[in-house]
Amino acid sequence: MGNEELAIAIGDRIAERIEARFSVMPTLTLDQAAETLGISNEKMRQLCNAGKIPFIRIDKFYRIKPADINRYLEQNYHPGKM
C-alpha cells in the first residue's frame, strides 16, 4: 500500500470513528408515533405525559424512539383477548 492509499485509509477510519460518536438516534415526531399506533395526537401526548411511553422533549416538540413504541406494544399485548 502506497503512502497516498495509507493516508486515505487512515482518514476514512478517523471519519468512521467521528461519525460513530456523533450519530443521532432515530426518533419519531408525536404525529408519526400517533399514526404508528393508530391513535390521536392528544392520546399519544397523554401516554407520554403519563409515563407510559418515554419521550424526549425539545422545547414544545416530542420525539419518541421507535424502540419505545415497540416496547409499549409488547407490554400491552394481550393474546386471545378481543
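Side-chain atoms of N41 and Y62 include no donor-acceptor pair closer than 3.5 Å.
Residues I69 and A33 share a closest heavy-atom pair of CD1-CB, 3.9 Å. Minimum interatomic distance between P66 and P26 (heavy atoms only, all atoms of both residues): CD-O, 3.3 Å. In terms of heavy-atom proximity, M44 sits nearest to I53 at CE-CD1, 3.5 Å.
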T27/F55 under side-chain contact (heavy atoms from CB on, under 4.5 Å): CA gap, chis, key distance, verdict: CA-CA 9 Å; T27 60; F55 65 98; over 6 Å; no
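The hydrophobic cluster containing I14 also contains L6, counting ILVMFWY residues as joined when their side-chain heavy atoms lie under 4.5 angstrom apart, directly or transitively.
Annotation: the span from I39 atom CD1 to L47 atom CG amounts to 5.0 Å, rounded to 0.5 Å. Taken to the nearest 0.5 Å, the CD1 atom of I56 stands 9.0 Å off from the CD1 atom of I64.
Qualifying side-chain contact (heavy atoms from CB on, under 4.5 Å) partners for I8, counting only residues two or more places apart in sequence or in other chains: E4, D12. By the salt bridge (Lys or Arg N to Asp or Glu O under 4.0 Å) test, R17 is found to be paired with no residue, residues two or more places apart in sequence or in another chain being considered.
Heavy-atom contacts from other residues, nucleotides or ligands closer than 6.0 Å to CD of Q46 number more than 12.
Pairs engaging residues 58-75 under the salt bridge (charged side-chain N to carboxylate O under 4.0 Å, His left out) rule: D68-R71 [sequence neighbours left out].
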